[in-house]
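As the structure is a computational prediction, the values presented were derived from the model and not from experiment. Whatever order the structure lists them in is the order used to number ligands and atoms, beginning at 1.
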Amino acid sequence: MSKPSPDVYEEGRGMDAHNSVMREIRGLKEKHYDPHEPTRVWLDEDNTPGGVYDSLTIILNTGGCRWARAGGCTMCGYVAESVEGGSVAHDALMDQIEVCLEHEADNADEPADLIKIYTSGSFLDEREVGAETRQAIAETFGDRERIVVESLPDFVDHEKITDFTDHGLDVDIAVGLETATDRVRHDCVNKYFDFADFEDACETAQDAGAGIKAYLLMKPPFLSESEARDDMVDSVQRCAAVDGCHTVSMNPCNVQQYTMVNELFRAGGYRPPWLWSVADVLERTADVDAIVVSDPVGHGSDRGPHNCGECDDRVQKAIKDFDLRQDPSVFEQVSCDCERTWELVIEEETSYAMSLTR
Ligand code: SF4
Ligand SMILES: [Zn+2]
């Protein structure tokens, strides 16, 4: 399998050039974070192969993704939220879990059946979360029904998964695949691995009794609206066809601070996707053999996926309905004049910096 490495392409070109620009942008960050506090925690509900569950979502602060430190992905601002120095000790990580349990006890009637743990990196990377912490977290949540942990494909292996399945938990690994198209993943997202690595991770997870939840990114930079839409339709279909991948979470890109996407956005070179594009992909892929969901973070704002400003909340609500019911007819109930603008954009927009004249 490929390894996170800044040496993937020739020095000064391709991925190497992407990385050096992003290291520079991220060097601008000034905030500092407490290693005893999670980055974020919230309660929600989620559609899983076992049904709709109340969920507790935890963003652990683990020191950050090692790929991000090499430069990282063009849209990812998470590393700007991580702890200085690159690692967080076992006790501090367990303090973060404690804060999350207190948040749940204060705000929920009963413990959530579903726990979701993200790390702004890879929970299964032992440089972020060591075996001792992983096992302690598995034990802490061993009485719940289901757990989702985030990881890049490289770190998915049998023993790490069985730490959780041994407690009787249903396990899903959330993999930030972003797109099934290797060229788009490498050149627009600056992510180093291949679709084949994702397929291998699905096989490993399935052998260990776990499932895979693929995270896709709609409209990385350098794609037109129609290219982004078509790439997502194809990616949802290809992911759903892989054994072991039971859920696809297709999420529109938003503009985060300290990222290349932010620099492009400020220079007028990037617009987050239309919510109509999100709805379009969900409608076109409603027949695939997987749960397909989307969570348009920052919807309705300039930096998030948006339509005209009038209909954003209604379309967002239809998307959330679709997430829970998987019924594409929810989109028949929303319309707005701006759909015609979106159709024109789909037909006419070309890739960033493409010449208007021959
Ligand atoms: S998107 Fe994931 S792999 Fe890429 S830099 Fe961010 S945390 Fe790392
Ligand atoms: Zn509208």
Side-chain angles (χ1 to χ4, degrees), residues 2-6 8 15 18-19 21-23 25-26 29 39 59-83 86 117-125 127-129 149-156 173-179 184-186 188-194 197-198 201 214-218 220-221 249 251 253-254 256-262 273-280 296-297 299-300 305-319 331 334-345:
S2 59
K3 289 279 176 248
S5 155
V8 182
M15 212 164 251
H18 265 323
N19 281 340
V21 170
M22 280 171 310
R23 277 197 301 269
I25 295 168
R26 297 213 169 101
K29 77 170 175 115
T39 303
I59 316 270
L60 272 188
N61 193 348
T62 61
C65 163
R66 67 164 96 166
W67 178 237
R69 254 175 272 137
C73 304
T74 53
M75 74 306 179
C76 176
Y78 294 143
V79 72
E81 296 179 347
S82 336
V83 162
I117 307 182
Y118 303 87
T119 69
S120 315
S122 289
F123 181 87
L124 299 181
D125 178 356
R127 279 205 222 164
E128 285 188 52
V129 180
V149 292
E150 175 186 28
S151 182
L152 289 166
D154 311 56
F155 308 111
V156 175
I173 318 288
V175 176
L177 175 67
E178 317 303 1
T179 165
V184 174
R185 189 177 327 94
H186 295 164
C188 300
V189 182
N190 197 40
K191 219 164 220 190
Y192 58 88
F193 64 84
D194 291 339
D197 298 324
F198 170 78
Y215 277 71
L216 300 180
L217 177 76
M218 172 178 251
S249 182
N251 298 301
C253 186
N254 60 71
Q256 300 176 4
Q257 300 288 351
Y258 307 109
T259 62
M260 185 184 280
V261 166
N262 188 44
W274 288 71
L275 289 167
W276 292 127
S277 298
V278 178
D280 193 27
V297 171
H299 80 277
H306 60 279
N307 288 345
C308 67
E310 294 291 315
C311 62
D312 296 72
D313 284 346
R314 278 183 286 129
V315 181
Q316 167 84 356
K317 187 169 176 301
I319 293 168
F331 299 117
V334 281
S335 64
C336 181
D337 288 348
C338 74
E339 253 178 298
R340 293 182 55 200
T341 311
W342 169 73
E343 280 163 13
L344 184 78
V345 168

- Taking the Zn ion (ligand 2) as the vertex, what is the angle from SG of Cys336 to SG of Cys311, given to 10 degrees? 110°

- Note on the structure: ang(SG Cys308, the Zn ion (ligand 2), SG Cys338) rounded to 10° is 110°

- Query: How about Tyr192 and Asp197: does a side-chain donor come under 3.5 Å of a side-chain acceptor?
  - Reply: no

- Does a donor on one side chain sit under 3.5 Å from an acceptor on the other, for His299 and Asn254? no

- Task: Number the atoms of ligand 1 from 1 as they appear, then name those within less than 4.0 Å of a heavy atom of Cys73, with their elements.
- Result: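 So the atoms of ligand 1 that pass are 1 (S), 3 (S), 4 (Fe), 5 (S).
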
- Task: Provide the number and element of each atom of ligand 1 under 4.0 Å from a heavy atom of Cys76.
- Result: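 So the atoms of ligand 1 that pass are 1 (S), 5 (S), 6 (Fe), 7 (S).
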
- Task: Could you grab the distance from atom CG of Asp280 to atom CG of Leu275, nearest 0.5 Å is fine?
- Result: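 So the CG of Asp280 and the CG of Leu275 are separated by 12.0 Å.
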
- Message: Check this for me, if you would: do Arg185 and Glu178 make a salt bridge, where the nitrogen-to-carboxylate-oxygen distance has to be below 4.0 angstrom?
- Response: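 The answer is no: the pair does not qualify as a salt bridge.
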
- Under-4.0 Å heavy-atom contact with ligand 1, by part of Cys65 that carries it: side chain

- Message: Measuring only between side-chain heavy atoms, which start at C-beta, is Leu124 closer than 4.5 Å to Val149?
- Response: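 In contact.
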
